[in-house]
Amino acid sequence: MTTIRCDIVSAEAEIFQGEATLVVATGEMGELGIAPRHAPLITRLKPGKVVVTQPDGSVLDFAIGGGILEVQPQVVTILADTAIRADDIDEAAVRAAKEEAERVLAGRGEAMDIAEAQQKMAEVMAQLSALERLRKNLKH
């Protein structure tokens, strides 16, 4: 079985580096599946999930806050605004951030506050979704 190297990097740190048989990410036009020997590509990513299938069949789940995906012949690179492994997500903090974003959106504050709240809402929803997928996978 062939593999492709996958690097996931955020502004703060390198989140993941390793071999993968499949990388799935949420692009602006929908989900992308990147397998070994995929054609070169660069695209923007929306806040959402990144799922990395490793050669042993295990699956790693990440939540990102948007970014860029680049595919080269031997490597997939994800440069994320923010990124976190699903099993590192603090559910209480995410729920508090969601409530704060909802409060700002409901109050219809300044335009900049609304844009920031919408971005934060997308990020926390991606993290909650990653938590749900992680829990579902642990039950099987």
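Heavy-atom basis, side chains included; hydrogens, waters and symmetry copies ignored.
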Let me confirm one number: the [atom1]-[atom2] distance from [X] to [Y], rounded to the nearest 0.5 Å.
X	Y	atom1	atom2	value
K49	T26	NZ	OG1	6.0 Å
D7	E14	CG	CD	6.0 Å
L22	T53	CG	OG1	4.5 Å
F62	S10	CZ	OG	11.0 Å
E19	R5	CD	CZ	8.0 Å

State plainly whether one hydrophobic cluster holds both V9 and I84, where clusters connect Ile, Leu, Val, Met, Phe, Trp and Tyr through side-chain heavy atoms under 4.5 angstrom apart. no

Taking C-beta and beyond as the side chain, do T21 and Q54 meet within less than 4.5 Å on heavy atoms? no

Taking C-beta and beyond as the side chain, do V59 and V52 meet within less than 4.5 Å on heavy atoms? no

Under the side chain to side chain contact (heavy atoms under 4.5 Å, CB included) test, residues paired with E28 that sit two or more places apart: R44, K46

CA sep, side-chain torsions, deciding dist, call: L45, I64, side chain to side chain contact (heavy atoms under 4.5 Å, CB included): CA-CA 9 Å; L45 297 173; I64 65 165; 3.7 Å; yes

Without swapping roles, check the side chain of T3 against the backbone of A20 for a donor-acceptor pair under 3.5 Å. no

Evaluate the criterion side chain to side chain contact (heavy atoms under 4.5 Å, CB included) for residue pair V50 and I8; output intermediate values, then yes/no. CA-CA 9 Å; V50 173; I8 301 175; 3.9 Å; yes

Going by atom type alone, with no hydrogens or angles, which donor-acceptor pairs under 3.5 Å involve a side-chain atom of residues 68-83 and a protein atom two or more places apart or on another chain?
unit_1, atom_1, unit_2, atom_2, d
E70, OE2, Q72, NE2, 3.1
T82, OG1, G65, N, 3.3

